Chemist: 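For reference, the structure I am asking about is given below.
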There are 2 protein chains.
Amino acid sequence: MQVIKQYIEEHKQRMLDELFELLRFPSVSADPKYKADVLKTAEYTAAKLREASADNVEVCPTAGYPIVYGEKIIDPAKPTVLMYGHYDVQPADPLELWKTPPFEPTVRDGKIYARGACDDKGQFYMHVKAFELMMQTNTLPCNIKFMIEGEEEVGSSNLGIFVKANTERLKADVVLISDTSMLSMETPSLETGLRGLSYLEVEVTGPNRDLHSGVYGGAVANPATILAKMIASLHDENNHIAIPGFYDEVVQLSDAERNALNSAPYNEEEYKKDLDIDEVWGEKGYSTLERTGTRPTLEVNGIWGGYIGEGAKTVLPSKANAKISMRLVPNQSSEKITELFTQHFLNIAPPYVKVKVTPHHGGEPVVTPTDSVAYQAAQKAITESFGKEPIPTRGGGSIPIVALFEAELGIKTVLMGFGLDSDALHSPNEKYDIYNYYKGIETIPLFYKYFAELS
Amino acid sequence: MQVIKQYIEEHKQRMLDELFELLRFPSVSADPKYKADVLKTAEYTAAKLREASADNVEVCPTAGYPIVYGEKIIDPAKPTVLMYGHYDVQPADPLELWKTPPFEPTVRDGKIYARGACDDKGQFYMHVKAFELMMQTNTLPCNIKFMIEGEEEVGSSNLGIFVKANTERLKADVVLISDTSMLSMETPSLETGLRGLSYLEVEVTGPNRDLHSGVYGGAVANPATILAKMIASLHDENNHIAIPGFYDEVVQLSDAERNALNSAPYNEEEYKKDLDIDEVWGEKGYSTLERTGTRPTLEVNGIWGGYIGEGAKTVLPSKANAKISMRLVPNQSSEKITELFTQHFLNIAPPYVKVKVTPHHGGEPVVTPTDSVAYQAAQKAITESFGKEPIPTRGGGSIPIVALFEAELGIKTVLMGFGLDSDALHSPNEKYDIYNYYKGIETIPLFYKYFAELS
């Protein structure tokens, strides 16, 4: 432990400077105009793995953005950890809401503000630095493999192909990922589950052209109004999702599990104050922690149609569109839910309009074991660095790769994240505490230590 | 009649060239970036009135865009016609849907394609040319006054002030407007009513920032979903508008009036084919002609919220907005309906969100008399030039000025329009038939002839 703290102390500034350099690449995978920047980010990541003395570092091409691989095999007989992260980030808009530019990392009050600061550049880079630390201090106790992709924010569509094609190279005993949150630095926690995802886009078409709302209004169905009615019908009066069969595969938690989950610290007043809302919302009969962690949800991520410029235009629009995504829980299947949604949405379309549904991407929900050697190693590592035993929680987000690993490589995952829900992931002014960054670099070597010992 | 046809024949090309010149000005009053062009259009209009030998031509300044005035008083003892039109046009977007540039008039198959071709440049300019014709052929039988404004497409907010301040100058026996449609050239018609308008913008705010839809989805109200539910609730299952008190002042038509209205030729199959829709839509218990002409309506003119760019962003948006307008019929009051909508929309807002309603502009509905001397003069003029008596119809559009004239000047209006519903007003590829343009120039002098005779 002393060795670790000392090494971090001596290399503090450089470790931060390197992260800032990484954060300056606008590696937005959703927007083609950033393609060159995304590719540069992959090269930078590979270079840093080499500097940290990883072997066989390679920027592996895929049909989309490349996957950065690197490894250090100290002894084939020792256990192997496969570290996963992603170097791509979410789009930064709405840009006008950023206090400082999203790709010019800025420190305010001990926090790094930048797109990707927490999700996931700040978190995956902790592993690169922790690896450097173990190599420089000769404390790496087992084998390590890195796999850092560039399409996590757009559905990891090429990762499955890569994993299937590289089962030997990726062989390991556990997957370690830092792309999730803790309850707080005072209340460390370990996520033991993730939700799946089905993301679709819908288009409602009425007349073949925009019409004068005075000449045709009242006699021709308005696609914006019809889309509103269709979206409104997707939740019933108890905010249950009204798609037939949607809940069929959902595993109900036991009362014990629900109580454990609800025992996690949660202050509704602070929660509402942070978001500036008067009331929380959600599925009747469930707490906020259950709604975000253990129940499936349906959200409108975007909606548009008609005249959205300045001033007034009296138009009856020809089309209206929406982006809609659903978070899934065990044992829902992304493919099946996507199919159920598509069928239902086409079924409820009235005869006045034409409806098109286009799937974007999806991922499967997972629950990670809490009785494994790796989970215990993570528990011990956090307990030592935070001085407190971590609470098991259920995360609301989705990391499709986790289910993929189980299916393709037959190995489980440990979700050892150091972010906070208040880090504004996917929002303007995303941040990551410098304290958390160093705390991660300090905790990760302890995980390796205990994982090697317990294995 | 012979004199008229001959004059038009001799000046055909020039009359068309001058209209094209007028159409090339992008006089979009809704968008400040066209300010210089709108002002140039006013100057051009004034110049053309002078050329046609109008007296006291003036570009009258207002708090917004100027009003072009001109007159010819041949004998104060004779009746006076006040001609109204507007030189401003609707925004041209979506530009990509125009086959040829909106401000480069192009003739295809006998039709002029350009923004404003019909609404209202093509139609008001017929009056300038008809005036020139009567002056050149010494056939002007009564006094004439022109008032052509530049803010009709944005609510004519300064016209009322101008009219109040100029009641003497604007003194007349009737208002003549060509800014409406006929059923077809084979079935000439005269509009005897116009709908009023209330246009508002609504904003629904949920959390104080865009949120990660995985971390918060299901526990925080989504403003796009809430807005959809609120909009969906504005029409009941029979497509009646569900705002308390909305229909209180609506005058029900007599069976005779309804039958007269429904006797107008209307081919539902052609109507649907033209719009490429499978079914018409609307308020239960009313025909398409009644729905557009005699019943109030509520339309979503625009809606937006969340991520509307390429690809997928898993965001729970902070805000969602919509532009909503209502068409009003006698005796609804725009001010009262705006108030009723605002109150209702705030009332149905759930506690999870904050709602803001901002009125844009409005106008009052009108019904014009069919027993007046002026209406009979219009009937005779159309019967002579079209060889068929015009059918009285009710228009769905709004021309706020008509109610204003009645209130401020105590005179009625005749709506002698030569457009067609298929002219794509407010839409891409707006058009006006060259045939209709000349037909109007031919009919207008006949109106003056019969109006003088019958007065």
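Hydrogens, waters and symmetry mates play no part in the numbers below; they use all other heavy atoms, side chains included. In the text below, chain A, chain B and the rest are named by the order of the sequence lines, each starting its count at 1. Here the structure is a predicted model, which means the values were calculated and not measured.
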Chemist: With a 4.5 angstrom heavy-atom cut-off, which part of His235(A) approaches chain B: side chain, backbone, both or neither?
Modeler: both

Chemist: Compare all side-chain heavy atoms of Arg327(B) with those of Thr314(A) and state whether any distance is below 4.5 angstrom.
Modeler: yes

Chemist: Which one, Tyr271(A), Trp281(A), Tyr199(A), leads in non-hydrogen pairs under 4.5 Å with chain B?
Modeler: Trp281(A)

Chemist: Specify which of Lys272(A), Lys354(A), His361(A), Met230(A) makes the most heavy-atom pairs with chain B at under 4.5 Å.
Modeler: Lys354(A)

Chemist: Distance-only, no hydrogens or angles: does the Lys323(B) side chain make a donor-acceptor pair with backbone N or O of Gly311(A) under 3.5 Å?
Modeler: yes

Chemist: Could you grab the distance from atom NE2 of His212(B) to atom CD of Glu299(A), nearest 0.5 Å is fine?
Modeler: 12.0 Å

Chemist: What option among Asp421(A), Ile231(A), Ile277(A), Ile308(A) has the most heavy-atom pairs under 4.5 Å with chain B?
Modeler: Ile308(A)

Chemist: Name the member of Pro91(A), Ala224(A), Pro207(A) that forms the most heavy-atom pairs with chain B at distances under 4.5 Å.
Modeler: Pro91(A)

Chemist: Highest number of heavy-atom pairs under 4.5 Å with chain A: which of Thr297(B), Asp276(B), Leu197(B), Asn208(B)?
Modeler: Asn208(B)

Chemist: Please check: side-chain N/O of Tyr352(B) versus main-chain N/O of Gly282(A), any donor-acceptor pairing under 3.5 Å?
Modeler: no

Chemist: Do you know which of Ile241(B), Asp278(B), Val154(B), Leu211(B) has the most heavy-atom pairs under 4.5 Å to chain A?
Modeler: Leu211(B)

Chemist: Which of residues 283-292 of chain A have a heavy atom under 4.5 Å from any heavy atom of chain B?
Modeler: Glu283(A), Thr288(A), Arg291(A), Thr292(A)

Chemist: When heavy-atom pairs shorter than 4.5 Å are enumerated against chain B, which of Arg195(A), Arg295(A), Glu310(A), Glu153(A) gives the highest number?
Modeler: Arg195(A)

Chemist: Chain A: which of Gly309(B), Gly305(B), Ser427(B) shares the most heavy-atom pairs with it under 4.5 Å?
Modeler: Gly305(B)

Chemist: Name the option with the most non-hydrogen atom pairs under 4.5 Å to chain B; the candidates are Asp210(A), Val315(A), Ile324(A).
Modeler: Val315(A)

Chemist: Under a 4.5 Å heavy-atom cut-off, does chain A meet the side chain of Leu234(B), its backbone, both or neither?
Modeler: neither

Chemist: Taking every heavy-atom pair that is under 4.5 Å apart, which of Gly302(B), Ala312(B), Pro351(B) has the most such pairs with chain A?
Modeler: Ala312(B)

Chemist: Please look at Asn321(A) and chain B and tell me whether the side chain, the backbone, both or neither of the residue comes under 4.5 angstrom of a heavy atom of that chain.
Modeler: neither

Chemist: Roughly how far, to the nearest 0.5 Å, is the CG atom of Leu227(A) from the CD1 atom of Ile303(B)?
Modeler: 7.0 Å

Chemist: Taking every non-hydrogen pair under 4.5 Å, which of Gly306(B), Pro296(B), Ser213(B) racks up the most with chain A?
Modeler: Ser213(B)

Chemist: Report which part of Leu298(A) has an atom under 4.5 Å of a heavy atom belonging to chain B: side chain, backbone, both, or neither.
Modeler: neither

Chemist: With Arg209(B) as reference, evaluate Asn429(A), Leu97(A), Asp274(A) under the side chain to side chain contact (heavy atoms under 4.5 Å, CB included) test and give the passing residue.
Modeler: Asp274(A)

Chemist: Could you look at Pro94(B) and say if it's the side chain, the backbone, both or neither that has a heavy atom under 4.5 Å from chain A?
Modeler: side chain

Chemist: Heavy-atom pairs under 4.5 Å with chain A are the metric here; pick the option from Gly155(B), Ala30(B), Gly217(B) that has the most.
Modeler: Gly217(B)

Chemist: Using a 3.5 Å distance criterion without hydrogens, assess whether the side chain of Lys313(A) forms a donor-acceptor pair with backbone atoms of His426(B).
Modeler: yes

Chemist: Using a 4.5 Å cut-off on heavy atoms from C-beta on, say whether the side chain of Leu316(B) contacts that of Asn301(A).
Modeler: no

Chemist: Hey, does the side chain of Asn222(A) reach the backbone of Val300(B) with a donor-acceptor pair shorter than 3.5 angstrom?
Modeler: yes

